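This report refers to the structure that appears directly beneath it.
All figures in this text were calculated on a predicted structure; none of them were measured in a lab.
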Amino acid sequence: MEVMVFLVPLALGLGLLGLIAFLWSLKSGQYEDLDGAAWRAIADDDPPVQPPAELPAEKRG
């Protein structure tokens with residue numbers, strides 16, 4: 001039971017640290033544009049590649 005003297009303050013400290021990190025992320029605007037990141041991940045920024053034109057039958061060899 002004497003280990004609880006260390007574990008309880010450690011758990012409370014880690015919980016407080018997590019809460020502070022979450023509040024900091026809210027303040028810095030991490031959750032402002034939730035849909036934008038999802039659309040940027042699936043957006044196709046590269047132009048479509050055109051397949052090479054086929055050679056006429058007389059030039060194929």
Side-chain angles (χ1 to χ4, degrees):
M1 283 306 238
E2 59 196 41
V3 74
M4 296 295 279
V5 174
F6 296 110
L7 290 180
V8 170
L10 180 66
L12 291 174
L14 287 175
L16 182 64
L17 184 66
L19 179 64
I20 290 170
F22 175 69
L23 292 175
W24 172 81
S25 69
L26 280 177
K27 184 181 174 190
S28 66
Q30 294 291 317
Y31 301 106
E32 290 294 321
D33 184 20
L34 296 178
D35 291 331
W39 283 109
R40 281 191 301 273
I42 62 172
D44 188 15
D45 294 337
D46 298 332
V49 177
Q50 296 291 334
E54 292 202 21
L55 294 174
E58 64 265 2
K59 291 189 177 182
R60 282 190 203 162

Can you list, pair by pair, the side-chain donor-acceptor contacts under 3.5 Å of residues 24-31, counting residues two or more places apart and other chains?
from  : atom 1 : to    : atom 2 : distance (Å)
Ser25 : OG     : Phe22 : O      : 2.7
Ser28 : OG     : Trp24 : O      : 3.2
Ser28 : OG     : Ser25 : O      : 3.3

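Taking Val5 as the reference, nothing meets the side chain to side chain contact (heavy atoms under 4.5 Å, CB included) condition, with sequence neighbours excluded.
Residue Leu12 shares its hydrophobic cluster (ILVMFWY side chains chained together at separations under 4.5 Å) with Met1, Met4, Val8.
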